[in-house]
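Heads up, the thing below is written out as structure tokens.
Counting starts at 1 for both ligands and their atoms, in listed order. Values in this document were obtained by computation on a predicted structure and should not be read as measured data.
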Amino acid sequence: MTPIDPATALLPRFRDALGRAFGEEHAGADPMVRRSDRADLQVNVALGLGKKLGQPPRQVAEALVKALQVDDLVERIEIAGPGFLNMTLRADWLGAAADRALEDDRLGVPFAEKLDRVVIDYSSPNVAKEMHVGHLRSTVIGDALARTLGFLGHTILRQNHLGDWGTPFGMLIEHLLDLGESASAEVSVGELAAFYKAARSKFDSDPGFAERSRKRVVSLQGGDAETLRLWRILVDASQKYFEKVYALLGTQLVREDVCGESFYNPRLQPLAEELEREGKAQIDQGALCLFVPGFKNKDGSPLPLIVRKADGGFGYAATDLAGVRYRVGELHATRILVVVGAPQAQHLAMIFAGSRACGWLPENVRCEHVAFGSVLGTDKRMFRSRSGESARLIDLIEEAIDRARAEVEKRWPDIDPETKASMAKAVGVGAIKYADLSSDRVKDYVFDLDRMVQFEGNTGGYLQYAHARPRSILRKAGEDRPAGKISPTEKAERALVLELLSFGATVQAVGETLEPHRLCGYLYNLAARYNEFYDQCPVLKAEGEVRASRLRLCALTARTLEQGLSLLGIAAPDRM
Ligand code: ARG
């Protein structure tokens with residue numbers, strides 16, 4: 001099928017023209033087709049090519065225009081400045097492309113050219129510890145990427161790399177025994193932090209308890225059945241709580257996606273022995289170390305990954321090494337994404353480089369750290385709750401819903417309570433997610449609930465409302481799927497169509513760069529173009545073919561906003 005996106009549709013035309021005008025060796029040059037405020041599309045290839053050919057760029061541009069066969073697509077080409085091509089596209093082509101998008105289930109978005117098996121390691125909270133805002137970021141970003149890559153046709157393997165193993169479980173299990181097993185209920189309702197803190201303080205102050213805890217770690221590692229049973233109780237209770245948070249957020253993670261640190265436990269000893277036997281890792285001060293080329297301490301000495309600690313135990317690095325090996329060797333991943341905070345950058349770079357050095361991460365498997373910045377309070381310091389503790393995620397979400405309820409109440413006092421409640425949830429949760437996704441992922445952002453739940457500005461509520469407006473017009477017209485043809489004649493119609501047609505390219509760019517804020521920016525622009533169209537072009541009052549065309553534009557806008565929000569994991573209610 002001819003691409004919906006005019007820039008993509010033009011690519012083969014440029015390849016032909018470049019070949020004809022300058023020889024086949026130049027056919028592959030990137031024509032650099034871009035949106036521009038001077039034209040529908042601008043093409044910048046003549047500048048670079050001129051340099052290569054030793055010809056004035058304007059002359060190159062002229063030869064290129066002569067060789068181009070684009071009459072069906074382009075109405076007018078002007079050569080501007082040093083040799084830009086400014087192109088005005090044909091309205092009938094734009095209209096027909098928009099019609100094709102509207103008739104297509106996928107809005108004309110093509111599948112990715114090369115389909116991957118993508119492992120996405122995200123959320124990954126720690127058992128018996130409160131999820132903090134960092135886990136919120138991982139959960140929201142990872143879910144958006146999983147949805148987007150899935151939409152592009154890739155196979156998605158979600159991996160919730162739960163922190164469910166290690167020395168703290170000694171004291172946690174002993175604390176559970178002290179309280180009685182039924183105390184695990186408090187963990188499942190979200191009293192994780194209190195439970196952990198109480199265990200910790202006993203561990204620090206009561207030598208008897210500390211001793212019992214240490215012994216308990218030994219039995220846990222030794223696979224003692226009773227200890228494992230108690231451990232399971234804590235893991236289950238925590239998972240129940242995490243699932244509650246996921247349900248509230250609308251996160252797609254399910255129990256089957258959990259593949260926590262404990263999963264790798266039986267693999268660590270054999271892995272360590274293998275690396276030692278094959279001479280890939282060396283004993284250094286009692287610890288088994290994997291020296292990864294290129295990584296150094298501040299003093300210049302080589303910095304190793306600790307595969308096995310001097311006391312024989314295994315840590316975070318060993319598990320992550322085993323994780324890469326499992327994901328490639330058994331899950332057959334061709335792309336691995338690990339969604340964790342930027343401070344873990346060096347650790348992950350070493351894990352990836354170390355895995356390559358050990359031979360279980362082939363060159364053609366892409367491994368990417370999807371890093372993100374910190375969440376700051378309105379005081380620009382690390383985000384904390386009012387009491388100064390690290391905030392409980394579930395409280396934040398509920399507070400966002402409460403504030404959204406107040407906004408909804410203010411704007412639409414007359415709607416029925418049930419609709420109000422569901423709107424408040426959609427807007428509150430959407431507000432948190434959108435604020436997170438719309439900021440450049442690697443940068444810090446300020447968590448400001450007051451701003452997030454507004455319906456003005458670059459917010460989730462603004463986009464949800466922008467989606468509900470064309471839906472409401474379609475309802476009033478009594479047309480869910482209006483028939484007819486899209487013919488953009490007014491300036492605002494053209495601008496809206498051009499924006500609509502670049503949805504696919506935007507989604508594709510998010511799949512490549514793993515930057516959901518590009519999609520947010522796109523949807524925000526789309527909403528702005530729609531609002532201009534709405535102000536300048538009456539829909540319901542128009543007649544005949546003009547009315548049909550505009551109704552179809554409303555339908556395509558609504559569907560594009562809905563699909564875009566859904567890729568971000570944000571609900572798009574039909575009525576607001
Ligand atoms: N549990 C870790 C944390 O809370 C995140 C784990 C991320 N995944 C990984 N494979 N290291 O920081």
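Taking any N or O of Asp121, backbone or side chain, at least one lies under 3.5 Å from an N or O belonging to ligand 1. Between Glu261 and ligand 1, no N or O atom pair is found at a separation short of 3.5 Å.
Each salt bridge (Lys or Arg N to Asp or Glu O under 4.0 Å) pair with one or both residues in residues 335-352, not counting sequence neighbours, appears once here: Arg335-Glu368.
Asp448 and Thr378 share no side-chain donor-acceptor pair at under 3.5 Å. For the 3.5 Å distance criterion, the side chains of Asn160 and Tyr246 qualify, holding a donor opposite an acceptor. If you check the side chains of Tyr316 and Gln344, you find a donor sitting under 3.5 Å from an acceptor.
Electrostatic pairing of Arg366 and Glu512 counts as a salt bridge here, judged by a charged N lying under 4.0 Å from a carboxylate O. Using a cut-off of 4.0 Å between Lys/Arg side-chain N and Asp/Glu carboxylate O, Arg255 and Asp236 are scored as salt-bridged.
With ligand atoms numbered from 1 in the order given, ligand 1 contributes 5 (C), 7 (C) to contacts under 4.0 Å with heavy atoms of Val340. For ligand 1 and Tyr316, the ligand atoms under 4.0 Å from any heavy atom of the residue are 2 (C), 5 (C), 6 (C), 7 (C), 9 (C), 11 (N).
At least one heavy atom of Gln344 sits less than 4.0 Å from an atom of ligand 1. Contact annotation: His135 has at least one heavy atom less than 4.0 Å from an atom of ligand 1.
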Show the numbers, then the answer: is there a side-chain hydrogen bond (donor to acceptor under 3.5 Å, both in side chains) between Tyr241 and Glu130? CA-CA 10 Å; Tyr241 171 68; Glu130 189 52 56; 2.7 Å; yes
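Here the protein heavy atom with the shortest distance to atom 2 (C) of ligand 1 is Ser124 O, 3.7 Å. Counting protein heavy atoms only, atom 1 (N) of ligand 1 is closest to Asn126 OD1, 2.8 Å.
At a 4.0 Å heavy-atom cut-off, ligand 1 does not touch Leu348 at all.
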